[in-house]
Amino acid sequence: MKLLFIGPPGAGKGTQAARVADRLGIPHISTGDMFRHHVSTETDLGLLVDSIMKAGEYVPDEITVEMLRERVAEPDAAGGYILDGFPRTAGQVAALDGLLGEDGLDSVVVFGVDEDALVERLLARGRADDTEDTIRNRFNVYQEQTAPLLDTYGERGIVVTIDGLGDIDDVTERILKALGR
Ligand code: ADP
């Protein structure tokens with residue numbers, strides 16, 4: 001099963017992607033986590049993306065696509081996976097279509113949550129890129145570049161919209177139920 005989780009910053013998609021992946025016994029592939037790992041271990045890629053992430057901008061597609069391409073080719077990904085945070089530009093959708101074909105994803109799980117609740121959650125989380133300016137910019141970038149992907153996947157009829165508010169366990173069950181699991 002190949003799934004994609006999409007949502008604005010703070011929607012809880014990372015937490016839920018990890019939980020659902022665990023329940024389904026497939027890997028959770030988060031490009032944000034992969035980049036953060038590069039930053040914390042100070043690889044060349046990490047040094048390159050550090051300032052981009054701190055500004056709340058997106059890493060250029062060439063870099064992100066290549067990293068993802070290598071990751072999904074690993075043996076543990078052969079039986080499916082949950083993509084978290086990739087694709088999030090039209091260019092990345094095209095690249096993923098090239099890798100998997102247009103019918104490669106089984107479902108796209110979209111998180112709907114109220115914007116004020118999101119800002120509150122992010123400020124409480126306190127990650128390095130969770131300052132107020134960065135959060136605001138990440139929202140703008142999400143609206144401009146990632147929200148349009150919902151139309152693309154909507155036209156393919158594979159979007160499942162989830163209410164991301166409420167108890168963490170309840171949200172996980174909600175997702176599994178919506179996926180028919
Ligand atoms: P959030 O959903 O809270 O923004 P992520 O962990 O998914 O958090 O991403 C953090 C940052 O990592 C992004 O703001 C961006 O700089 C970078 N990043 C992650 N995934 C991508 C991607 N697919 N394309 C470009 N940049 C990405």
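As the structure lists them, so they are numbered: ligands from 1, and atoms in each ligand from 1. The first residue in the sequence is number 1, and the count goes up from there. Computation of the quantities below employed the complete heavy-atom set of this structure, encompassing side-chain atoms and omitting hydrogens, waters and symmetry-equivalent molecules.
- Listed here is the closest heavy atom pair of Gly164 and Val171: O-CG2, 3.8 Å.
- The Arg36 neighbourhood of ligand 1 comprises atoms 6 (O), 10 (C), with distances under 4.0 Å to a heavy atom of that residue.
- Contacts with ligand 1 closer than 4.0 Å are made by no heavy atom of Arg121, backbone or side chain.
- Looking at ligand 1, you'll find an N or O of Val59 within less than 3.5 Å of one of its N or O atoms.
- For His37 against Thr41, the heavy-atom pair with the smallest separation is O-OG1, 2.8 Å.
- With hydrogens left out, the protein atom closest to atom 2 (O) of ligand 1 is Lys13 NZ, 3.1 Å, a heavy atom.
- In this structure, Arg88 contributes its side chain and Thr146 its backbone to no donor-acceptor pair below 3.5 Å.
- Closest protein heavy atom to atom 11 (C) of ligand 1: Met53 CE, 3.7 Å.
- The nearest heavy-atom contact from the protein to atom 23 (N) of ligand 1 is Gly85 O, 2.8 Å.
- Under 4.0 Å is where a charged nitrogen must lie from a carboxylate oxygen, and between Asp130 and Arg125 at least one such pair does.
- Scanning the protein heavy atoms around atom 24 (N) of ligand 1, the nearest turns out to be Gln92 NE2, 2.9 Å.
- Evaluated for a side chain to side chain contact (heavy atoms under 4.5 Å, CB included) with Lys2, the options Ile26, Asp106, Ile82, Val72 yield exactly one hit, Asp106.
- In this structure the side chain of Asp163 never reaches within 4.5 angstrom of the side chain of Phe111, judged on heavy atoms.
- Ion pairing between Arg156 and Asp97 holds under the 4.0 Å rule for side-chain N and carboxylate O.
- Contact annotation for Phe35 and ligand 1: only side-chain heavy atoms (C-beta onward) come within less than 4.0 Å of the ligand.
- Of all protein heavy atoms, the one lying nearest to atom 20 (N) of ligand 1 is Thr31 OG1, 2.8 Å.
- By the criterion of a heavy-atom distance under 4.0 Å, the side chain of Arg138, and not its backbone, is placed next to ligand 1.
- Counting only heavy atoms of the protein, atom 8 (O) of ligand 1 lies nearest to Arg127 NH2, 3.3 Å.
- Residue Thr64 has at least one heavy-atom neighbour below 4.0 Å for each of these atoms of ligand 1: 22 (C), 23 (N), 24 (N), 25 (C).
- Here the rule is side chain to side chain contact (heavy atoms under 4.5 Å, CB included) with Phe5, and of Leu83, Ile175, Ile162 only Ile175 fits it.
- A side chain to side chain contact (heavy atoms under 4.5 Å, CB included) with Phe86 is found for one member of Leu4, Ile6, Leu96, Ile29 and no other, namely Leu96.
- Scanning all protein heavy atoms for the shortest distance to atom 16 (O) of ligand 1 gives Glu57 O, 2.6 Å.
- Among all protein heavy atoms, the one lying closest to atom 5 (P) of ligand 1 is Arg88 NH2, 3.7 Å.
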Next item on the list: Kindly determine whether Tyr58 and Thr64 satisfy side chain to side chain donor-acceptor pair (under 3.5 Å), including the steps that lead there.
Entry: CA-CA 9 Å; Tyr58 283 172; Thr64 310; over 6 Å; no
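- Of all the atoms in ligand 1, the ones that sit under 4.0 Å from a non-hydrogen atom of Arg125 are 3 (O).
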